[in-house]
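Some notes on the structure that comes next.
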Amino acid sequence: MADPLAGSPPDPDRPDREAAEGQPGGRDFIRSIIADDNRSGKHQGRVQTRFPPEPNGYLHIGHAKSICLNFGIAAENPGGLCNLRFDDTNPIKEEEEFVESIQRDVRWLGFDWGDRLFFASDYFEQLYEWALVLIRKGVAYVCDLSAEQIREYRGTLTEPGRNSPYRDRTVDENLDLLARMRAGEFPDGTRVLRAKIDMASPNLNLRDPVMYRILHATHHRTGDQWCIYPTYDYTHGQSDSIERITHSICTLEFENHRPLYDWYLDQLEIFHPRQIEFARLNLTYTVMSKRRLLQLVNDRHVQGWDDPRMPTLVGLRRRGYTPEAIRGFCDRIGVAKFNSTIDMHVLENALRDDLNRRAPRVMAVLRPLRVVLENYPADLVEELEAVNNPEDPSAGTRRVPMARELYIDADDFREDPPKKFHRLSPGAEVRLRYGYIIKCERVVKDPATGEVVELRCSYDPETRSGSQSTRKVKGTIHWVSAAHAVPAEVRLYDHLFLKPDPDQAEAGQTYLSNLNPDSLQVLTGCQVEPSLAEAAPESRYQFERLGYFCVDPDTTPGRLVFNRTVTLRDTWAKIEKSS
RNA sequence: UGGCCCCUAGUGUAACGGCAGCACGACUGACUCUGGAUCAGUUAGUCUAGGUUCGAAUCCUAGGGGGCCAGCCA
């Protein structure tokens, strides 16, 4: 079966709210700034953004917010462009694997950077030339202080720093030393190149920040060509400048660095992008920092970067999330400078919205309970017509086989039903979805354990779906034919953490103490309708009344494995819980 | 005990000195062969105190609360 919900590019006709609201500023403060710049002709109407990840880990839902913002803004503006640039200035942490996974993930999300794939490492030579310029201007110097000494000289948040004894070296001496640093004459950590700004600045980033450090490490792209590497702070602003980025959008923690980026750009007298900071995404019941995600993977709290419980894009993808749902979520949460935390249910509802419209419906029984229809002919098999998607008539119908022996979900039977329970119980009636009304006549129990093992029921032949029958019953349940159903494994997921804020841990404990021990529940012996036998990995379905499920890549020809992506909204669960 | 930034219904987010709005949630009800979806309705807010102004969520001052910064990480 073909994947009915493969990722597709963003709909170019997607109405952007700017038009919808008739607002000149539009939608969020960043778009307002850009609209203002367009009106004033600041960049002759040119809009160019960039998404600048470091290739040292997998992308997560927080990155998706940034990707949707940067690529989204480019798409909304005539001629707008968004570059993909890897900020690969630290060879020790970066790997080709991540360069590839990041590109896969951005593409999967539905965005395209055309021929504008860039690497900060492509600018190493230019950055070096600019370092020479700054030395010649007398605003950069080689410093022989150790890392520890530099820290001491930097001062503290409340006390000014002290000038390095190497601060007043001559231009020639600095030029010579930097050349020799580059030539590999000095061991790691023995010297750095620093900007000469202000050791008393209240902004610590301006206290003679390091521009280059000696690192005899092999870079994933430049190999052993360099043994000195520019710091991120010395690289980022100029990389944006080289790419003629008009609006350099980044997260709040870089706000304090903006004066430094401005300083480099002004000293160098090169194109000056405007940096705008926004609040990064926080989500309840999960963690988002690369450090923690890495720890969850390395310490085997999850099964890998693509574990369906992870907030990584590969994890969400394997869980069954669609690119459209993630984009819809990013649209919905807005962009601001307030440090907020979004409820996980907002993400889940964005998913339900998308899947509801598009996911084909099927029937599947997670915890099978055998039902025998005593008055149904033993050799009869009927083909019942079932609607594939009530939200989308063009999805058509399919045939579902029905016979004397069925499975229903154990949850749909209660021997001693609570009030308002509209499902099966001794003597009660329900409708089988697309089939007949049945009545529970008798309960068969295991004499040893007392466990209910089978229901003996009767069916009313006059009540077949589509017939003239006017009989109504309160409940409709899903089912499969025992003889035709296909066995499957189903993996149920819950929040990775027990608390909305996993950092809210007991004294002496870390966020790891809040890990949810039941975040994964594996159900074997599930029974799904036969149309699912050939379902392809990643294809997504609604199991009626249960939720959305997708085929896990662990699926092999003889073994179907589904992930529960998200449950349906469950009003009954709410009623039962509150009483 | 320094500097920068932030604070609007439960959660997010608009309102650019002029009617505090939207989304999601929650709660009602309608409809329903998915206790789904859909539809209708209800709920609830400008951190505090001063000031400027005809008029303040918006500007100013002070206070409160929160975030970031002392990597040769990004």
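Proteins get letters first, then strands, A, B, ... in listed order; numbering begins at 1 in each. Keep in mind that the numbers below use all heavy atoms, side chains included, and drop hydrogens, waters and symmetry copies.
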Quiz item: Of the candidate nucleotides rU34(B), rU13(B), rG12(B), which contains the atom at the shortest distance from the side chain of A336(A)?
Solution: rU13(B)

Self-check item: Distance, P atom - from rG67(B) to rG12(B), rounded to whole angstrom
Solution: 14 Å

Quiz item: Roughly how far, to the nearest 0.5 Å, is OH of Y212(A) from OG1 of T231(A)?
Solution: 9.0 Å

Are any protein N/O atoms closer than 3.5 Å to N/O atoms in nucleotides 27-29 of chain B? If there are, list each pair with its distance.
none

Exercise. Quick one: label K474(A) by what it contacts on the DNA or RNA (base, sugar-phosphate, nothing), any heavy atom closer than 4.0 Å.
Key: nothing

Quiz item: Think R213(A) has a side-chain N or O under 4.0 angstrom from the OP1 or OP2 of rC73(B)?
Solution: yes

Quiz item: Do I245(A) and N83(A) have side chains that get closer than 4.5 Å, going by heavy atoms?
Solution: yes

Quiz item: With rounding to whole Å, what would you report as the distance between rC7(B) and rU58(B) at their C1' atoms?
Solution: 13 Å

Quiz item: When the P atoms of rG55(B) and rA20(B) are considered, how many whole Å apart are they?
Solution: 16 Å

Self-check item: Lys/Arg cation over aromatic F119(A): R85(A), 6.0 Å, 45° cone
Solution: no

Quiz item: Is a side-chain donor-acceptor pair under 3.5 Å present for Y321(A) with E348(A)?
Solution: no

Quiz prompt | T156(A) side chain vs T158(A) backbone, donor-acceptor pair below 3.5 Å | solution = yes

Quiz item: Are L127(A) and M211(A) side-chain neighbours, meaning at least one heavy-atom pair lies under 4.5 Å?
Solution: no

Practice problem: May I ask you to say what T571(A) touches in the nucleic acid, namely base, sugar-phosphate or nothing, with a heavy-atom cut-off under 4.0 Å? | Solution: sugar-phosphate

Quick one: which protein N/O atoms are closer than 3.5 Å to N/O atoms of nucleotides 65-69 of chain B? Pair and distance per line, please.
residue: rG67(B); atom: O2'; partner: N339(A); partner atom: ND2; Å: 2.9
residue: rC68(B); atom: O2; partner: N256(A); partner atom: ND2; Å: 3.0
residue: rC69(B); atom: O4'; partner: N256(A); partner atom: ND2; Å: 3.4

Quiz item: Out of rC72(B), rC24(B), rG12(B), which nucleotide sits closest to the side chain of A147(A)?
Solution: rC72(B)

Quiz item: In Watson-Crick or G-U wobble terms, both distances under 3.5 Å, what is the partner of rC22(B)?
Solution: rG12(B)

Quiz item: For rU34(B), does OP1 or OP2 lie under 4.0 Å from any side-chain N or O of R569(A)?
Solution: no

Quiz item: Is T156(A) near enough to rG2(B) that one of its side-chain N or O atoms lies under 4.0 angstrom from OP1 or OP2?
Solution: no

Quiz item: Hey, is the side chain of R545(A) poking within less than 4.0 Å of OP1 or OP2 on rG35(B), counting only N and O atoms?
Solution: yes

Practice problem: Using Watson-Crick or G-U wobble geometry with both distances below 3.5 Å, tell me the partner of rA56(B), or none. | Solution: none

Quiz item: For F186(A), is the NZ or CZ atom of R191(A) found under 6.0 angstrom from the centre of its six-membered ring and inside 45 degrees of the ring axis?
Solution: yes

Quiz item: Counting only side-chain N and O atoms of R151(A), is one of them less than 4.0 Å from OP1 or OP2 of rG71(B)?
Solution: yes

Quiz prompt | N/O donor-acceptor pair, side chain T89(A) with base rC73(B), under 3.5 angstrom | solution = no

Practice problem: Go through rU11(B), rA23(B), rG35(B) for me and flag the one nearest to the H422(A) side chain. | Solution: rG35(B)

Quiz item: OP1 or OP2 of rA37(B) sitting under 4.0 Å from any side-chain N/O of R358(A)?
Solution: no

Quiz item: Given that both distances must come in under 3.5 Å, which nucleotide forms a Watson-Crick or G-U wobble pair with rU61(B)?
Solution: rA49(B)

Quiz item: Looking at R423(A), does any N or O in its side chain come under 4.0 Å of the phosphate oxygens OP1/OP2 on rU34(B)?
Solution: no

Quiz item: Between rG64(B) and rA49(B), how far is it from one C1' atom to the other, in whole Å?
Solution: 10 Å

Self-check item: hbond_proxy R361(A) side chain to rU34(B) base (donor-acceptor, 3.5 Å cutoff)
Solution: yes

Practice problem: For residues T190(A) and D144(A), determine if any side-chain heavy atom of one lies less than 4.5 Å from a side-chain heavy atom of the other. | Solution: no

Quiz item: Considering only heavy atoms and no angle criterion, is a donor-acceptor pair shorter than 3.5 Å present between the side chain of E391(A) and the base of rU38(B)?
Solution: no

Quiz item: For the side chain of N90(A), counting heavy atoms from C-beta on, which of rA37(B), rG35(B), rC73(B) is nearest?
Solution: rC73(B)

Quiz item: Using atom C1' of each nucleotide, how far apart are rA30(B) and rU48(B) to the nearest Å?
Solution: 45 Å

Exercise. Find the distance between NE2 (H495(A)) and OG1 (T284(A)) and round it off to the nearest 0.5 Å.
Key: 6.0 Å

Self-check item: Protein-nucleotide distance (H236(A), atom NE2; rG71(B), atom P), rounded to Å
Solution: 21 Å

Quiz item: Across all strands shown, which nucleotide pairs with rG2(B) by Watson-Crick or G-U wobble geometry, both distances under 3.5 Å?
Solution: rC69(B)

Quiz item: Can you tell me if the side-chain N/O atoms of T231(A) get under 4.0 Å from OP1 or OP2 in rC73(B)?
Solution: no

Quiz item: Using the P atom in both, what is the distance from rA57(B) to rC19(B), to the nearest Å?
Solution: 10 Å

Exercise. Check whether any side-chain heavy atom of R431(A) sits under 4.5 Å from a side-chain heavy atom of I477(A), and report yes or no.
Key: no

Quiz item: Is rG51(B) in the syn range, within 90° of 0, or in the anti range?
Solution: anti

Practice problem: Indicate the atoms forming the closest heavy-atom contact of D87(A) with E54(A), along with that distance. | Solution: O-CG, 3.5 Å

Quiz prompt | Pairwise C1' distance, rU46(B) and rG65(B) [rounded to whole Å] | solution = 16 Å

Practice problem: Measure up the H219(A) and F124(A) rings against each other and bin them: parallel (under 30°), tilted (30 to 60°), perpendicular (over 60°). | Solution: perpendicular

Practice problem: For I477(A), report the nucleic acid contact type (base, sugar-phosphate, nothing); a contact means any heavy atom under 4.0 Å. | Solution: nothing

Quiz item: Looking across every strand, which nucleic acid part, if any, lies under 4.0 Å from G57(A) by heavy atom: base, sugar-phosphate, or nothing?
Solution: nothing

Quiz item: Across the strands shown, which category fits E277(A) at heavy-atom distances under 4.0 angstrom: base, sugar-phosphate, nothing?
Solution: nothing

